[in-house]
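None of these values were measured; they are calculated from a predicted model.
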Number of protein chains: 2
Amino acid sequence: MAHAKLADPQCTISRSAALLGERWTLLLLRQVFLGTRRFEDFQSQMDISRSVLTERLAELVDEGVLRRVAYKDARTRYEYRLTEKGHALYPVLMALRDWGARWMPPEDGRPSFDLHHHDCGGDVHAKVECTECGVELTARDVRVTAPNR
Amino acid sequence: MAHAKLADPQCTISRSAALLGERWTLLLLRQVFLGTRRFEDFQSQMDISRSVLTERLAELVDEGVLRRVAYKDARTRYEYRLTEKGHALYPVLMALRDWGARWMPPEDGRPSFDLHHHDCGGDVHAKVECTECGVELTARDVRVTAPNR
DNA sequence: CAGTATCCTCGAGGATACTG
DNA sequence: CAGTATCCTCGAGGATACTG
């Protein structure tokens with residue numbers, strides 16, 4: 001394996017980053033969350049080469065982020081859907097989106113799509129929170145310590 | 001520029017992913033949030049080559065995520081600190097950490113460090129929330145629409 | 001200590017054509 | 001439609017040595 005060092009087996013962020021810090025993987029996941037499921041759709045929407053797309057999809061299936069689901073066409077084919085593990089990546093994508101919207105605004109100032117809470121129409125926002133007292137946290141509010149053994 | 005297509009100028013996630021979906025960038029940011037500031041410390045802690053480290057640091061400074069701050073040694077040197085834009089990446093890193101801790105547990109089951117709210121000692125958690133009604137959201141609770149023009 | 005310069009390798013990713 | 005097979009390029013990244 002190349003880049004083995006990237007995946008420091010001790011660090012959670014490190015191992016997640018080894019999977020998600022791949023050129024196409026984050027974009028592929030964006031498409032999945034937007035509803036894309038089929039090979040040809042990924043290929044045309046993302047303008048990714050067929051071989052790399054095949055590889056990335058297989059990798060995400062291997063990791064348990066996507067699963068292949070059969071559907072009927074002329075012959076039986078498969079589409080790719082999020083597993084529970086995959087769905088759990090939603091906060092990562094949303095945090096990325098929030099940050100990009102605020103700090104890397106598009107040239108023409110328009111977002112490519114809007115997101116709203118289905119029930120009340122409110123805006124969607126990713127944040128870090130204290131599970132105890134419920135306040136929103138920044139890096140400065142958090143203490144890093146050696147793990148409890 | 002290689003991989004120009006990656007940075008679909010329309011999509012916020014796309015442009016953020018082009019920066020953060022780089023092999024070493026997420027790990028570099030992890031180190032920064034853990035308090036690393038100096039070249040040699042990054043180099044030894046991450047086991048990254050000097051040239052790539054130089055490049056990545058310059059890139060993050062260019063993008064306004066890090067800034068160089070002079071400090072006194074034998075001669076004047078610089079260390080790298082988060083800008084406001086850089087600090088704003090905290091939710092991304094924390095979302096990644098939460099996900100990894102739950103879905104990519106380390107081999108030996110131990111995290112490499114713990115995080116606690118400085119004030120109350122509570123746990124730290126990244127989540128997606130509705131700014132209107134305040135409930136926690138999953139992908140299923142969110143509607144995607146064409147942007148308002 | 002914090003880089004820069006040089007050189008090299010290898011593998012990620014693209015293009016294209018083919019297959020069931 | 002959803003891939004697989006083949007071939008090729010180029011650039012990301014490592015190793016090493018040097019510099020102020």
Integer-rounded Å distance: C:dA15 C1' and A:L53 CG: 15 Å
Any donor-acceptor pair under 3.5 Å from A:Q43 side chain to A:I48 backbone: yes
Sidechain N-carboxylate O distance under 4.0 Å for A:E79, A:R77: no
Within the sub-3.5 Å range, which N or O atoms of nucleotides 6-8 of chain C have a protein N or O partner, and how far apart are they?
none

Euclidean distance, atom CD1 of residue B:I48 to atom C1' of C:dA2 [Å, nearest integer]: 14 Å
Per B:W24 side chain, nearest of listed nucleotides D:dA2, D:dG14, C:dG13: D:dG14
Distance, rounded to the nearest Å, where B:L57 contributes CG and C:dT4 contributes P: 10 Å
Integer-rounded Å distance: D:dC1 P and A:E40 CD: 5 Å
Side chain A:T131, main chain B:D123, donor-acceptor under 3.5 Å: yes
Options D:dG14, C:dC1, D:dA12, nucleotide nearest the side-chain atoms of B:R56: D:dA12
B:F39, nearest nucleotide to its side chain (from C:dA2, D:dG14, C:dG13): C:dA2
Among C:dG20, D:dG3, C:dG13, the nucleotide that comes nearest once only the side chain of A:R77 is considered: C:dG20
B:Y71/B:Y78 aromatic ring centres below 6.0 Å: no
Given D:dT4, C:dG14, D:dG13, the nucleotide with the shortest approach to the side chain of A:T54: D:dT4
For atom CD of B:E55 and atom P of D:dG11, their distance in whole Å: 12 Å
Phosphate-side-chain proximity, B:R68 and C:dG3, N/O vs OP1/OP2 below 4.0 Å: yes
Rounded interatomic separation in angstrom, taking CD from A:E79 and C1' from D:dC1: 13 Å
Separation of C:dC1 P from B:Q43 CD (nearest whole Å): 11 Å
Linked, directly or transitively: B:Y90 and A:V135 (ILVMFWY side chains, under 4.5 Å): yes
Degree of bending in the helix from C:dC1-D:dG20 to C:dG20-D:dC1 once both end axes are built from five pairs, to 10°: 50°
Polar side chain donor-acceptor pair, B:D98 to B:H125, under 3.5 angstrom: yes
No-hydrogen, no-angle side-chain donor-acceptor test under 3.5 Å, B:R140 and A:H118: no
B:Y71 side-chain proximity, nearest of C:dA2, D:dA2, D:dG14: C:dA2
Atom pair distance, as rounded to whole Å: CD in B:E22 and P in D:dG11: 13 Å
Validation row: A:V142, B:H117 side chains within 4.5 angstrom (heavy atoms): no
Phosphate OP1/OP2 of C:dG13: any A:R50 side-chain N/O under 4.0 Å: no
salt_bridge(A:R50, A:E40) N-O dist < 4.0 Å: yes
Sugar-phosphate, base or nothing in reach of B:F42, heavy atoms under 4.0 Å: nothing
